[in-house]
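Notes for the one structure printed next.
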Amino acid sequence: MLWTRRTLLATPLALAAQAKGPLVDTHIHLFADDKKSFPKHPNGTYTPPPAPLESYVKFVKQAGIAHAIIVHPEPYQDDHRYLEYCFRNEPSKDFFKGTCLFDACRADTPKRIDDLMQRWPGRIRALRVHRTNLEALETGAIHDRPLDSPQMLKTWQAVADRGLAIQMHFIPAFAKQINALATKVPKAPVILDHLGRSGMGTEAEWQDILALAKQPQTVMKFSGINYSSKQPWPYRDVQPRVRQAFQAFGPDRIIWGGLGMNQDEFRKANQLFDEFFAFTTEANRDKIRGGNALRIYGWKS
């Protein structure tokens, strides 16, 4: 079904009713309106538009979203106060789980993860690691730390020991290094954000991303499709790569994220999903919409 913008705007919001299983958004960034209580970190890499919890709570009730993963964003760096605020004020019990952001090349990072996990048992499910530029940074803002450093490997091992995942936000040039780490630490699930930003690399590097599927603990996230496209929305040039990812990872290791903060974003996200996964069964689509996320992130239902 090809939807026009007029159709999208006229369609009722509760598109989630099409699915038999729960709908889980595995990739949402939230930002406080209250900049005094929850300021941007001095090392924050960008200034985000407001995306407050209160607006999101209203939206998820309308949209029928069962659970969501708050991906702790770079503007807050290693200050997780707003993430904790969201846990305290969630729309229903255990609605949210989240990722954390600490410097994977600092020796005290495992202890800092422990402190956060102790405050919020069962809620912190992954450490997010950014590698989206070719040049590595040893200090400063928490991104682009060298993936081949000894401390990075120690952090991956510590994350695995705690039953958490590594969530990789990366460009395709680093797929081989991720594969090397995943080989050395097979206990740590590895979540690959945004289809590996496949449009920001070569065809050979895309094959390196697909090769990650040979690691049974890796999971591909259907999100941020614009990063893989050379075309405007609805990014139809990416459809072949989504199908290739499905063939490599299978229906049990793909999750969906980025369902938006409002009706228009949600409808467009649903259109992309329906078009890009039209080739497979409804049972498989239900897994990707939410069933896989329930299992991977540890929700009971």
Side-chain angles (χ1 to χ4, degrees), residues 26-27 71 74 99 101 104-105 126-138 142-157 159-160 164-231 235-258 272 276-277 279-280 284 288 292 296:
T26 64
H27 202 105
V71 177
E74 288 185 89
T99 72
L101 180 61
C105 287
L127 171 68
R128 198 178 194 212
V129 176
H130 298 266
R131 194 67 208 269
T132 56
N133 292 285
L134 292 176
E135 183 179 355
L137 300 177
E138 300 284 351
I142 304 171
H143 62 84
D144 297 314
R145 297 295 187 262
L147 295 179
D148 56 358
S149 75
Q151 187 58 52
M152 178 68 71
L153 176 59
K154 290 179 182 178
T155 297
W156 276 55
Q157 291 170 332
V159 166
L164 304 185
I166 293 286
Q167 181 169 325
M168 285 301 312
H169 180 212
F170 67 103
I171 56 175
F174 295 103
K176 284 186 175 179
Q177 289 188 0
I178 296 168
N179 206 332
L181 284 162
T183 299
K184 293 174 182 176
V185 191
K187 287 197 309 179
V190 181
I191 298 165
L192 308 171
D193 278 350
H194 304 330
L195 204 67
R197 286 181 170 242
S198 66
M200 302 176 74
T202 66
E203 178 59 30
E205 289 167 344
W206 168 238
Q207 295 304 316
D208 292 337
I209 293 172
L210 293 179
L212 281 161
K214 295 177 183 178
Q215 302 282 356
Q217 75 273 34
T218 56
V219 176
M220 178 62 76
K221 186 182 293 179
F222 179 74
S223 62
I225 301 305
N226 56 302
Y227 295 125
S228 295
S229 180
K230 307 298 184 185
Q231 297 179 1
Y235 318 125
R236 292 195 175 107
D237 58 325
V238 186
Q239 288 187 9
R241 287 194 168 178
V242 170
R243 188 155 189 165
Q244 290 168 356
F246 181 90
Q247 291 167 343
F249 288 86
D252 296 316
R253 289 194 288 146
I254 300 177
I255 56 178
W256 188 20
L272 284 186
F276 281 50
F277 289 101
F279 62 84
T280 191
N284 286 339
I288 298 167
N292 292 339
I296 291 165

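Small disclaimer: the values here were computed from a predicted structure and weren't measured. Computed over heavy atoms, backbone and side chain alike; hydrogens, waters and symmetry mates excluded.
With contacts defined as side-chain heavy-atom distances shorter than 4.5 Å, the pair F170/L192 qualifies. Annotation: side chain of M220 is not in contact with side chain of L212 (no heavy-atom distance under 4.5 Å). Inter-residue side-chain proximity for L127 and L164 is flagged as unmet; no heavy-atom pair is nearer than 4.5 Å.
Judged purely by atom type and a 3.5 angstrom limit, R145 has no side-chain atom pairing as donor or acceptor with the backbone of M152.
In this structure D144 satisfies the salt bridge (Lys or Arg N to Asp or Glu O under 4.0 Å) test together with R131, sequence neighbours excluded. Listed by chain and residue number, nothing satisfies the salt bridge (Lys or Arg N to Asp or Glu O under 4.0 Å) test with D148 (two or more places apart in sequence, or in another chain).
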Please tabulate, one pair per line, all N/O donor-acceptor pairs under 3.5 Å involving side-chain atoms of residues 174-186, not counting sequence neighbours.
residue, atom, partner, partner atom, Å
N179, OD1, Q215, NE2, 2.7
T183, OG1, N179, O, 2.8
T183, OG1, Q215, NE2, 2.6

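Classification of the F222-F277 ring pair by plane angle, with boundaries at 30° and 60°, yields perpendicular.
Of the charged side-chain nitrogens involved, at least one lies within less than 4.0 Å of a carboxylate oxygen, so that E203 and R241 count as a salt-bridged pair.
When all heavy atoms are compared, the tightest approach of A173 to L134 is CB-CD2, 3.9 Å. When all heavy atoms of R128 and T99 are compared, the pair lying nearest together is CB-OG1, 4.4 Å.
Here H143 and H169 keep their ring centres 6.0 angstrom or further from each other.
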